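First the structure, in the form of structure tokens, and then the observations on it.
Lettering follows sequence order; numbering is per chain, from 1. These numbers were taken from a predicted model, which means no experiment stands behind them.
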Amino acid sequence: MILPRAFFDRPVLDVAPALIGATLLVDGVGGEIVEVEAYDETDPASHSFRGMTPRNQAMFGPAGHAYLYKIYGIHFCLNFVCLPGSAVLIRALRPIAGLERMQARRGTVAEKQLCSGPGKLAQALGLDLRQNGLPLDAAPFEVRMGAAQEIVTGPRIGITKGLETPWRFVAKGSGFLSKRMENPSGAM
DNA sequence: AACTGGATCGTCT
DNA sequence: GACGATCCAGTTG
């Protein structure tokens, strides 16, 4: 079933683990979500920590919409907005649909390299700022519920603040992660 | 396997 | 004017 906007209209720490195992497609291209991170306004690593700005306004908009931003001047990252000021960063997929399109966009055929990181994933799915603020329950997006998964939690990747907060969620044993889980803090 | 530096630019200090 | 929710190629061990 397609995840309704109401699915996202609750605490980001509830939504993030529930997304592991879900299917994300953009124009029919994508796969199973195997890695996410949670961010909220109480969190110094979050874009929303210092309040709303032109860049992050989608993060304060309605739940169930996309927040996309450019990072390091080069890459784009996709988030699912939850309660105001909170969002789930989608970090990795297990490719399922549209392999050829993803391979063409990424310039590689190795399946494990297609969506194993937020920038790679955005590139493979053809995402950029044009999708910022779009609803997740309408074209080109399609987010479908998946079966419950075994989940491991731990510290988030690539941040300098908030390292003590274990808000990274990955599918246990997945071979499609951006990085292996270094300091797991729990399982679900 | 682990670590390095370079690419490149919008955002906020 | 510095830096970042990243990726890649290159080097070293």
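For a distance-only test at 3.5 Å, the side chain of A:Y72 fails to qualify as a donor-acceptor partner of the base of B:dA7.
A:I71 comes within 4.0 angstrom of sugar-phosphate atoms only, judged by non-hydrogen atoms across all strands, and of no base. Using a 4.0 Å heavy-atom distance criterion, A:G119 is classed as a sugar-phosphate-only contact. Contacts of A:I159 with the nucleic acid, taken as non-hydrogen atoms under 4.0 Å apart, involve only primed sugar atoms and P, OP1 or OP2. Using a 4.0 Å heavy-atom criterion, one finds that A:R106 contacts the sugar-phosphate atoms exclusively.
A straight line from CZ of A:R168 to P of C:dT6 spans 11 Å, rounded to a whole angstrom. Distance CD1 (A:I74) to C1' (C:dC3): 14 Å, rounded to an integer number of Å. Taking atom CD of A:Q113 as the reference point, atom C1' of C:dT6 lies 14 Å away to the nearest angstrom. The distance from atom CE of A:M52 to atom P of B:dT11 is 15 Å, rounded to the nearest whole Å. The interatomic distance linking A:K70 (NZ) with B:dC9 (C1') rounds to 6 Å, in whole Å. Distance, A:Q123 CD to B:dT8 P: 14 Å, rounded to whole Å. C:dC7 atom P lies 13 Å from atom CG of A:L114, rounded to whole Å. Following rounding to the nearest Å, A:E35 (CD) and C:dA5 (P) show an atom-to-atom distance of 15 Å.
When the side-chain nitrogen and oxygen atoms of A:T53 are compared with OP1 and OP2 of B:dC12, one or more of them lie within a distance under 4.0 Å. Side-chain nitrogen and oxygen atoms of A:R55 include none within less than 4.0 Å of the OP1 or OP2 phosphate oxygen of B:dC9. The phosphate of C:dC8 (OP1 or OP2) has a side-chain N or O of A:K120 nearer than 4.0 angstrom. Phosphate contact (OP1/OP2 of C:dT6, side-chain N/O of A:R91, threshold under 4.0 Å): present.
Within the 6.0 Å centre-distance limit, the rings of A:Y69 and A:H47 are counted as a close aromatic pair.
Of the candidates B:dA2, C:dA5, C:dC7, B:dA2 carries the atom nearest the A:R180 side chain, counting heavy atoms from C-beta on.
Side-chain contact check for A:K120 and A:S116: at least one donor-acceptor pair (N or O, by modelled atom type) lies under 3.5 Å. Looking only at atom types and distance, the side chain of A:E41 has no donor-acceptor partner in the side chain of A:S46 under 3.5 Å away. Judged purely by distance below 3.5 Å, without hydrogens or angles, the side chains of A:Q123 and A:R106 pair a donor atom with an acceptor atom.
Between A:D40 and A:T42, the shortest heavy-atom distance links the atoms OD1-OG1, 2.6 Å. In terms of heavy atoms, A:C115 sits closest to A:L125 at SG-CD1, 4.3 Å.
Listed by first residue number, the stems of DNA chain C with at least three Watson-Crick or G-U pairs below 3.5 Å are B:1-7 with C:6-12, B:9-12 with C:1-4.
Aromatic stacking is marked for A:Y39 over C:dA5, as both cut-offs hold: 5.5 Å for the centres and 30° for the planes.
Cation-pi geometry between A:R55 and A:Y67 is not satisfied (NZ or CZ under 6.0 Å from the ring centre, within 45° of the ring normal).
Electrostatic pairing of A:R144 and A:D137 does not count as a salt bridge here, judged by no charged N lying under 4.0 Å from a carboxylate O.
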